[in-house]
There are 2 protein chains.
Amino acid sequence: MNDEATGGRAEPKRRAGSATSKTRTAILRGAEQIMAEHGYAAVTYRSVAAGAAVTPGLVQYYFPVLDDLFIALLRADTDRIIDHLTRATQDGRPLRAVWDYASGKAGTTLMLEFMALANHRKAIGPVMGEGGERVRQAQLAAITAASQRYEIAPAALVFLMTAIPRMIGLEEAFGTSTGHEETIALVRQYLDEVEPL
Amino acid sequence: MNDEATGGRAEPKRRAGSATSKTRTAILRGAEQIMAEHGYAAVTYRSVAAGAAVTPGLVQYYFPVLDDLFIALLRADTDRIIDHLTRATQDGRPLRAVWDYASGKAGTTLMLEFMALANHRKAIGPVMGEGGERVRQAQLAAITAASQRYEIAPAALVFLMTAIPRMIGLEEAFGTSTGHEETIALVRQYLDEVEPL
DNA sequence: GTCTATACGGCGATAGAC
DNA sequence: GTCTATCGCCGTATAGAC
């Protein structure tokens, strides 16, 4: 509700305390769990403090604005995703790996959570964009080795193999489902052609 | 931030005052403008009241819980979208009409706004799902007349023509763009084949 | 039925004490 | 470097005036 307030700030100091502080990592771990369990809206100075058994003021000391905490969480998640994709695309069927990963429910939920977060905390948007770009470049690198097999521009292919299952997941989270089965069948047919099992 | 509180309620009376009240429609109009201009987070009892020149208590009289106000706005938006699509798909190139509409920036922004809203106001989700289903059925009805032209299952086609530009819009809102151009070129090529200008 | 006034417990952010 | 007190928002509930 105070979006404008945080958006209009120049650039104050964004971090206090050492980056290696034990307290700091304990706070991050606790915040991550709260976010996974109850959503970003449940991540408050008070709840994180309670989870890490410190005072709310101390959490705020390490993360002066709540954005800073979310950004740290988002960056860590992005790194994890890229790690996973890098490993999963080395089995000879990189396109299927991309499709399968994007089809995972957990990832879609997390994406929705961060999209919603970015939507009312303007500092988060650019971090998401940069993370999305990093992920896409990693996917692109993983499929270009065999790109002549696919008959479709690699960049378009990677986008589609991510966007389609993601949007299906989003819609299903709310209860819209018309066309999902038919679309999945279409993609499966294509994958069977270009990356037979 | 008080999601749990509103979620745990049985089912109190959800509306007071007549549905045709002049005050009620004034409140809705004002709320719509605030939402379009500053996002859903700026829609508060106090801001809406100020916009409609009434007291916050009166807004709450007509919409006892803020969800009720958002649901009224979402339903009205869905009706408008269906009206628009019904008209736009009658020019002989219904698939292009679907694609063009989903490519509009305003609609994508609004969708993101409502998705974010649904993400932390659980009462909104089902209303979004139902609205999405209504829109999709209308689109489906509009293209099935000429469906033999398309070579792809109509339901999959409608989903893709909506999902692709929507996801492109979402990603661009944050700053991810790899693959967008290539994907758009791909779709344009397909549209030129099945619905030549 | 319409509408106002007020109170409560939550929140993020800030200033400043230790 | 660590932590507290306080401020001004918020949604919601309630009591009651007209």
Side-chain angles (χ1 to χ4, degrees), chain A residues 1-27 31 34-35 38-71 117 120-124, chain B residues 1-27 31 34-35 38-71 117 120-124:
Chain A
M1 309 300 178
N2 48 353
D3 305 0
E4 323 301 333
T6 66
R9 194 178 359 66
E11 199 147 339
K13 49 189 148 195
R14 286 241 127 180
R15 183 172 306 159
S18 60
T20 58
S21 155
K22 214 175 218 171
T23 309
R24 195 187 147 92
T25 59
I27 288 170
I34 293 173
M35 177 148 176
H38 304 290
Y40 77 85
V43 176
T44 70
Y45 284 124
R46 290 158 176 89
S47 73
V48 172
V54 298
T55 63
L58 188 53
V59 177
Q60 198 166 10
Y61 166 70
Y62 284 101
F63 303 95
V65 176
L66 215 44
D67 291 355
D68 305 334
L69 204 167
F70 286 119
I71 288 171
L117 184 60
H120 72 213
R121 294 190 157 266
K122 295 313 177 201
I124 308 294
Chain B
M1 309 302 177
N2 48 353
D3 305 2
E4 321 302 332
T6 66
R9 191 177 6 65
E11 200 148 338
K13 49 190 145 193
R14 284 242 129 177
R15 182 172 308 158
S18 60
T20 59
S21 157
K22 213 175 220 172
T23 308
R24 195 187 146 93
T25 59
I27 288 171
I34 293 174
M35 177 148 177
H38 303 290
Y40 75 84
V43 176
T44 70
Y45 283 123
R46 290 157 175 90
S47 72
V48 171
V54 297
T55 61
L58 187 54
V59 178
Q60 197 172 359
Y61 167 69
Y62 284 101
F63 303 96
V65 176
L66 256 192
D67 291 355
D68 304 335
L69 204 168
F70 285 120
I71 288 171
L117 184 60
H120 72 214
R121 294 191 159 264
K122 295 313 177 200
I124 309 293

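This structure is a prediction, so every number in the text was calculated from the model and none was measured. So that the names make sense, note that chain A is the first sequence line, chain B the second, and so on, each numbered from 1. No hydrogens, no waters, no symmetry mates; every other heavy atom, side chains included, goes into these values.
- The side chain of Arg121(A) lies closest to dG12(C), out of dG11(D), dT2(D), dG12(C).
- Looking at which nucleotide of DNA chain D each of Leu58(A) and Gly57(B) is closest to, the 5′-most match is held by Leu58(A).
- One finds no side-chain N or O of Thr55(B) lying less than 4.0 angstrom from the OP1 or OP2 phosphate oxygen of dC3(C).
- Shown here for Val48(B) and Ala31(B), the closest heavy-atom pair between the two residues is CG2-CB, 4.0 Å.
- Atom pair Gln60(B):CD and dT4(C):P shows a separation of 13 Å (rounding to whole Å applied).
- With hydrogens and angles ignored, a donor-acceptor pair under 3.5 angstrom links the side chain of Arg46(A) to the base of dG12(C).
- In this entry the distance linking NE2 of His120(B) with C1' of dC10(D) reads 12 Å, nearest Å.
- Protein atom CG of Asp68(B) is 13 Å distant from nucleotide atom P of dG11(D), rounded to whole Å.
- Of the listed nucleotides (dC3(C), dG11(D), dC3(D)), dC3(D) has the atom at the smallest distance from the side chain of Tyr61(A).
- Considering every non-hydrogen atom in both Thr44(B) and Leu66(B), the closest pair reads CA-CD1, 4.5 Å.
- A straight line from CZ of Phe63(B) to P of dA13(D) spans 16 Å, rounded to a whole angstrom.
- Checked against dT14(C), dG11(D), dT12(D), the side chain of Val65(B) finds its nearest nucleotide in dT12(D).
- Ranked by how close their nearest DNA chain C nucleotide is to the 5' end, Pro56(B) and Leu66(A) are led by Pro56(B).
- In this structure a side-chain-to-backbone donor-acceptor pair under 3.5 Å is missing from Tyr40(A) to Phe70(A).
- To the nearest 0.5 Å, atom CG of residue Asp68(A) and atom CZ of residue Phe63(A) are 8.0 Å apart.
- Atom CG in Leu69(A) sits roughly 11 Å away from atom P in dG12(C) (whole-Å rounding).
- The CG-P distance, from Leu117(B) to dG11(D), rounds to 12 Å in whole Å.
- Look at Tyr45(B) and you won't find any side-chain N or O under 4.0 angstrom from OP1 or OP2 of dC10(D).
- The two atoms that bring Thr55(B) and Ala49(B) nearest to each other are C-CB, 3.5 Å, heavy atoms only.
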